[in-house]
Amino acid sequence: MSLTIYNTLTRKKEEFIPVESGKVGFYLCGPTVYDYFHIGNARPFIVFDVFRRFLQYRGFEVTYVVNITDVDDKIINKSNQENRAPKEIADEYTKAYLEDLKKLKVKLADVLPKATEHISDMIALIRELLDHGIAYTLNGDVYFSVEKYNGYGKLSGKHIEDLKAGARVEIDERKNNPLDFALWKAAKPGEPFWEAPWGKGRPGWHIECSAMSMKYLGDRFDIHAGGEDLIFPHHENEIAQSCGTGKHAFAKYWLHNGFLKIRGEKMAKSKRNFLTAREILKRYPAEVLRLFFLQKHYRSPINYSEEILDETQVAWHRLQNFYRELNAKKLPEINEIVPDRLSAPAQKFFRFIEQNRSEMAAALEDDFNSAKAIGKLFEIVKEGNRLLNSEEISTDKQVVLNYLKKKLEEFDDFLGLLSREADNSSSENDLEAILEILLEVRNELRENKMWELADKIRNRLTEAGFSIEDRAKQSIIKKNKS
RNA sequence: GGCGGCGUAGCCAAGUGGCUAAGGCGACGGUCUGCAAAACCGUUAUUCAGCGGUUCGAAUCCGCUCGCCGCCUCCA
C-alpha cells in the first residue's frame, strides 16, 4: 500500500518515497520557550507525533527531531520585563513544555535540539553563505540576500516584487532589499551573545532550524512540518538558507497543519485570545483533546469552543466505555485466528473488523486522514457493542472480541485515544470518595431503621478489611492494615 | 494590492467525477431497566452557499456572485 502526503512545495498530494528506503527523517518546528503553549500550538505537537508513530507502525524507522528555540527576541523581552536572566525563562518554559506534552500523551522526539547548544553549527552555515556571496554583513548583522537566490518564494508562492509592494513590509534602508532577513543579529547591550568571526551576537530565528535539521537528519531528509503560518517567512527562509549555496538539498516534503480558531479567528498569542493547553487539561482529559484534533483533517482550520469539546467528550466516552466493557469481560486468549474455523456469525464479525481495520489504515495512508479513520473506528465500536449486547456470546465470538481488543490497542499505540490504566486502579482519593458515599447511604438506612441492609454493608466492609464503628452521631471507618 | 484556503443536516465533520452523501453530537420515537446511566433499534441532507457551464453523469471539474478565514509583520 502506498502512502500519499500533501506537499506544500508542490501543492498536491504526492506518493511518499523516502530518501532512504525504510527510513524517515522528520523535523517539526518546536516551541519558542517564553510562555506556556496554547491549545492551538498543541495541534502540530499532537498531530505530527501521531503521524510519526503511524509511520513507525507502518514499519518505517523514523528519526523525529523537534527543536526548542531558547534564544529569541520574545525571551529577551520577557527577561527585561521580569528582570530575570533569559536562560532562567527559557529553562522554566522548556520544563513546562515537556510537562504539558507528557500530559497530552505526546511521545518525546528522538532529538530535542536547543538553539543555544548549536550556535557553532549555525555559524558554520552562515559562513558558508557569506563565502558563497549570498549573504552580507552590515554593522555586525548578517543578512541573507533574497535577490541572489532565484528559488526565493517557491514554497509560499510569493514573488519578490509582490512582497516589496506589500505595505506591511517594514523598510530598513540599510538592507540591500527590504526582504533580506537576518542570519545573525549583533548584540545589543545586556543581550545574550556568542562570538562569531563577524562579531558578537546571536542567531536569527530561521537559521537554527536549517542548521539543526541538517545536523541530525542530513543534507537531504524527508519531512519538515509546522503550522501553516510558518510557510512564510520561516520555512521559505529556511529553504533559501539551506539551498542557497547549492550544497544541500534539504527537506523533500513540507507539511503544514491548519489553525485552531476561536470565535472565528485564529488563536494566537498576539491576539490574546488563547487558552493554554495547561488550562484546558484541567477541564478535559488528554484523550478528549486528542480526539478533538484527530476527528478533523490536519490541514483544515478548526474552531475551538467549549461546546465542541463537550461534544467530543461524550463521543470519547462512547469509545472508552466500549474498551472498558471489553476489559471487563474475561475473554479467552488465543494466539491466532483461523477465520475458517470460526462459526459463521463470529466469522462475519471478524471479517467486519478486518474490513474496517484496513480501511482505517488506508485512510491514514491517504494524507493522514485521521478523521476518516476515526469514523471507521466508531463503526467498529457500534458493531462491537451490538455483539456485546447480545444475550449469549459464544466462545468463538469472545475469541474475536479479544482479537478486536488487541487490535484496538495496536491502533491506540499511535492514536492515544484510550485511557488504559485508569480503569484498573483507583487512586486513594477515589477510594475515599467512594467510602464516603457508602457511609452516607448507610447512615440513611440506619435512620430509617433498615438495619439488615446497614449491617450487611458493615459486615461486607469488615470482610474487605475496613472496620466501621457506629458512634452516636456518626460512623467512623478505619482501614485495617494487614 | 498580491497569494492561498473554506462554505456538506440543528451542530461538529469525512467524501473531490458514477455503488444507499461516512462517522460523532443533539433531537424525537422505541427496546432494556424499580429509577437512572450505558448500550441497541428506528427517524432526522432527493441534496452539498447561490447562479450558470462542461459531461451520458458533478457536492466533486470550469466561470461568475455572495459570505467567511488565513498569509504577505512575531506567530503552530
Side-chain angles (χ1 to χ4, degrees), chain A residues 8 11 13 28-32 34-35 37-48 66 69 72-74 77 153 155-171 178-179 181 205 225-236 255-261 263-271 274 277 291-292 294-305 307-322 324-325 356 359-360 363 366 369-391:
Chain A
T8 307
R11 271 155 239 259
K13 276 194 213 173
L28 172 70
C29 284
T32 300
Y34 72 107
D35 199 354
F37 66 83
H38 63 67
I39 182 75
N41 297 322
R43 189 175 191 187
F45 300 155
I46 290 174
V47 149
F48 291 119
V66 185
T69 302
D72 168 89
D73 289 356
K74 280 172 294 200
N77 288 343
L155 179 71
S156 55
K158 296 184 190 306
H159 305 285
I160 294 179
E161 310 77 59
D162 297 338
L163 288 167
K164 264 197 239 175
R168 294 166 78 191
V169 177
E170 201 181 308
I171 306 287
L179 294 171
F181 56 91
W205 173 39
E228 68 182 356
D229 51 355
L230 295 183
I231 296 171
F232 191 90
H234 186 54
H235 289 164
E236 191 68 65
L255 271 57
H256 295 97
N257 64 276
F259 291 125
L260 181 75
K261 300 196 295 175
R263 291 181 284 272
E265 269 194 323
K266 175 186 175 185
M267 183 182 283
K269 286 266 169 68
S270 55
K271 293 194 177 178
F274 64 92
L291 183 61
F292 170 68
L294 295 173
Q295 257 183 329
K296 288 107 182 160
H297 188 96
Y298 77 95
R299 284 192 282 116
S300 308
I302 55 177
N303 238 316
Y304 168 88
S305 75
E307 289 72 30
I308 296 172
L309 274 194
D310 287 345
E311 258 184 29
T312 309
Q313 184 153 29
V314 177
W316 176 68
H317 278 305
R318 181 177 176 76
L319 198 62
Q320 184 64 25
N321 282 342
F322 176 65
R324 196 171 288 158
E325 288 285 323
N356 279 279
E359 284 173 9
M360 265 181 90
D366 179 14
N369 192 338
S370 58
K372 189 173 182 180
I374 283 168
K376 295 293 166 195
L377 185 61
F378 276 103
E379 289 194 48
I380 294 175
V381 169
K382 187 173 205 96
E383 200 57 37
N385 268 327
R386 200 175 285 169
L387 201 150
L388 238 26
N389 235 23
S390 53
E391 297 268 311

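A quick note: this is a predicted structure, and the numbers were derived from the prediction, not measured.
Side-chain N/O atoms of Lys158(A) and base N/O atoms of rC71(B) include a donor-acceptor pair closer than 3.5 Å.
Aromatic ring orientation, Phe45(A) versus Phe37(A): perpendicular (interplanar angle above 60°, classes split at 30° and 60°).
A salt bridge links Asp366(A) to Lys13(A): one of the charged nitrogens lies within less than 4.0 Å of a carboxylate oxygen. Using a cut-off of 4.0 Å between Lys/Arg side-chain N and Asp/Glu carboxylate O, Glu379(A) and Lys382(A) are scored as not salt-bridged.
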Per-nucleotide protein contact along nucleotides 18-38 of chain B, 5' to 3', at a 4.0 Å heavy-atom cut-off (B base, S sugar-phosphate only, - neither), is ----BSBBS-----------S
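Taking for each of Ser156(A) and Gly264(A) the nucleotide of RNA chain B with the nearest heavy atom, the 5'-most of the two is the partner of Ser156(A). RNA chain B is contacted by both Val381(A) and Lys271(A); Val381(A) maps to the nucleotide lying nearer its 5′ end (nearest heavy atom per residue).
Under the side-chain contact (heavy atoms from CB on, under 4.5 Å) criterion, Ser305(A) pairs with Glu307(A), Ile308(A), sequence neighbours left out.
Spacing between atom NZ of Lys261(A) and atom P of rG7(B) amounts to 11 Å, rounded to whole angstrom units. With rounding to whole Å, Phe292(A) atom CZ is found 11 Å from rC12(B) atom P. Distance NE2 (His235(A)) to C1' (rC71(B)): 14 Å, rounded to an integer number of Å. Rounded to whole Å, the distance from CG on Leu294(A) to C1' on rA14(B) is 14 Å. Summarising the geometry, the separation between CD on Glu228(A) and P on rG5(B) is reported as 11 Å, rounded to the nearest angstrom.
rG17(B) is unpaired under the criterion used here, namely a Watson-Crick or G-U wobble arrangement in which both key atom distances are under 3.5 Å. Partner assigned to rG10(B) is rC25(B), using Watson-Crick or G-U wobble distances below 3.5 angstrom.
Contact between the side-chain N/O atoms of Asn385(A) and the OP1/OP2 oxygens of rC40(B) is found at a separation under 4.0 Å.
Within the nucleic acid shown, Leu291(A) has no heavy atom closer than 4.0 Å to any nucleic acid atom.
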